[in-house]
Amino acid sequence: MALLTVLCYPDPRLYKVAKPVAVVDARIKKIVADMAHTMYDAPGVGLAATQVDIHERILVIDISENQDELMVFINPELVWVSPEKKAWREGCLSVPDHYDEVERPDTVRVKALDINGEKFEIEADGLLSVCLQHEMDHLQGKVFVEYLSLLKRNRISLKMKKRIKELVGQR
């Protein structure tokens, strides 16, 4: 397994819309393994392929306490969202050290393919619902900061650009 480089906001590659996976083969399974390794190393609870500059519809999520319950979603689609909404404090591996409240539907139903290419459907609420929506946004080229005010977005963008310059300067 390889550690992949996570793109940092406001990298323009984060805005690319991911393409559907045509077939779940050894290449896709390697991508999933590398994404899981990267997510656990970060550490995070979710990662979309877009965040590692792979523009295919793949998500990995693990919200378990011991990080031992990896969930894989290939070609995920929202099939239903509850009318009830709830605000959660969100963060993102592509926007390190920045957290803010985002309001989303409380419960969702998602259909996808698993690591073996088998169809499944899941209804999720709470943290899993938030993670699914957050990561699926990435596949649509949307970062959670876009739910924030323009002022907050601009402030985060400036801080992230400064951070990137500092990191580049240290090399």
Side-chain angles (χ1 to χ4, degrees), residues 1-64 66-83 85 88 90-96 102 104-147 153 157 160 164:
M1 287 180 283
L3 272 179
L4 305 171
T5 301
V6 177
L7 301 176
C8 283
Y9 177 81
D11 191 305
R13 294 171 290 180
L14 288 169
Y15 298 103
K16 282 187 175 181
V17 176
K19 304 274 190 252
V21 171
V23 62
V24 179
D25 55 13
R27 182 184 70 83
I28 295 299
K29 289 179 180 182
K30 178 169 180 357
I31 290 170
V32 167
D34 291 347
M35 286 176 60
H37 184 59
T38 302
M39 175 188 70
Y40 289 132
D41 185 71
V45 295
L47 185 67
T50 301
Q51 293 177 269
V52 291
D53 203 20
I54 298 169
H55 302 283
E56 296 183 73
R57 295 187 58 76
I58 305 168
L59 308 176
V60 294
I61 293 175
D62 189 341
I63 60 167
S64 67
N66 297 323
Q67 291 201 308
D68 59 358
E69 297 175 24
L70 181 67
M71 300 176 79
V72 176
F73 297 83
I74 298 169
N75 296 337
E77 292 178 48
L78 275 175
V79 294
W80 176 82
V81 297
S82 68
K85 295 189 182 278
W88 283 78
E90 292 187 29
C92 182
L93 296 179
S94 292
V95 193
V102 176
R104 297 183 183 272
D106 187 41
T107 307
V108 297
R109 191 172 305 122
V110 172
K111 69 177 182 179
L113 301 176
D114 66 15
I115 190 66
N116 298 310
E118 300 294 323
K119 293 179 185 177
F120 73 97
E121 196 167 298
I122 186 171
E123 189 165 304
D125 60 6
L127 181 58
L128 182 56
S129 173
V130 172
C131 285
L132 280 165
Q133 293 175 78
H134 177 110
E135 302 307 336
M136 288 175 72
D137 276 352
H138 279 299
L139 299 179
Q140 296 300 322
K142 188 171 186 176
V143 181
F144 92 98
V145 297
E146 293 175 50
Y147 289 97
R153 265 195 319 256
S157 181
M160 292 301 299
I164 291 166

Next on the checklist: A side-chain contact here means heavy atoms from C-beta on lying under 4.5 Å apart; do V72 and D114 qualify?
Outcome noted: no
Checklist entry - Nearest 0.5 Å, what's the CD1-NZ distance between I122 and K111? => result 15.0 Å
Item to check | Side chain to side chain, R153 and P10, heavy atoms closer than 4.5 Å | outcome: no
Item to check | With D68 via side-chain hydrogen bond (donor to acceptor under 3.5 Å, both in side chains) - residues at least two apart | outcome: S64
Checklist entry - Can you tell if the side chain of M35 reaches within under 4.5 Å of the side chain of M1, non-hydrogen atoms only? => result no
Checklist entry - Is there a side-chain contact between I28 and D25 (heavy atoms, below 4.5 Å)? => result yes
Item to check | Shortest non-hydrogen separation from A2 to D34 and the atoms involved | outcome: N-OD1, 2.8 Å
Item to check | D137 side chain reached by E146 side chain, heavy atoms, under 4.5 Å | outcome: no
Checklist entry - side-chain contact (heavy atoms from CB on, under 4.5 Å) between V17 and H55: does it pass, once the steps are laid out? => result CA-CA 7 Å; V17 176; H55 302 283; over 6 Å; no
Next on the checklist: Could you work out, with side-chain hydrogen bond (donor to acceptor under 3.5 Å, both in side chains) as the rule, every residue matching T50, not counting sequence neighbours?
Outcome noted: none
Next on the checklist: Tell me the closest heavy-atom pair linking S94 and Q51, and the distance in Å.
Outcome noted: OG-NE2, 3.1 Å
Item to check | Interatomic spacing from CZ in R57 to CD1 in I74 - rounded to 0.5 Å | outcome: 12.0 Å
Checklist outcome for this item: Rounded to the nearest 0.5 Å, the SG atom of C92 sits from the CG atom of L47 at a distance of 8.5 Å
Item to check | Pairs where residues 104-124 contributes a residue and the test ring pair (Phe, Tyr, Trp, His ring centres under 6.0 Å) is met, not counting sequence neighbours | outcome: F73-F120
Checklist entry - So among D53, I31, V52, which one has a side-chain contact (heavy atoms from CB on, under 4.5 Å) with L4? => result V52
Next on the checklist: Is the shortest side-chain heavy-atom distance between V108 and M136 below 4.5 Å?
Outcome noted: no
Next on the checklist: As an exercise, state the distance from CZ of F144 to CH2 of W88, rounded to the nearest 0.5 Å.
Outcome noted: 15.0 Å
Item to check | Residues I115, L70; criterion side-chain contact (heavy atoms from CB on, under 4.5 Å); working and verdict | outcome: CA-CA 10 Å; I115 190 66; L70 181 67; over 6 Å; no
Next on the checklist: List the residues meeting side-chain hydrogen bond (donor to acceptor under 3.5 Å, both in side chains) with E90, not counting sequence neighbours, and say none if there are none.
Outcome noted: R104, H134
Checklist outcome for this item: L93 and A42 have their tightest heavy-atom pair at CD2-CB, 3.5 Å
Checklist outcome for this item: When rounded to the nearest 0.5 Å, the distance separating CG of L113 from CD of E118 is 8.5 Å
Checklist entry - Does some side-chain heavy atom of I63 sit less than 4.5 Å from a side-chain heavy atom of I61? => result yes
Checklist entry - Shortest non-hydrogen contact from M160 to C8? => result CE-CB, 3.9 Å
Checklist entry - Among all residues two or more places apart in sequence or in another chain, which pass the side-chain hydrogen bond (donor to acceptor under 3.5 Å, both in side chains) test with D11? => result R13
Item to check | Exercise: identify the closest heavy-atom pair between A48 and L139 | outcome: CB-CD2, 4.1 Å
Next on the checklist: By the side-chain hydrogen bond (donor to acceptor under 3.5 Å, both in side chains) test, which pairs, at least two apart or in different chains, include something from residues 122-133?
Outcome noted: R109-E123, S129-Q133
Checklist entry - Should the heavy atoms of other residues, nucleotides or ligands under 6.0 Å from NZ of K142 be counted, would the total exceed 12? => result yes
Checklist entry - Can you tell if the side chain of P76 reaches within under 4.5 Å of the side chain of E135, non-hydrogen atoms only? => result no
Item to check | Chi angles and distances behind the side-chain contact (heavy atoms from CB on, under 4.5 Å) call for V21, I58 | outcome: CA-CA 8 Å; V21 171; I58 305 168; 3.8 Å; yes
Next on the checklist: Return the CD to OH distance between Q67 and Y40, rounded to the nearest 0.5 Å.
Outcome noted: 6.0 Å
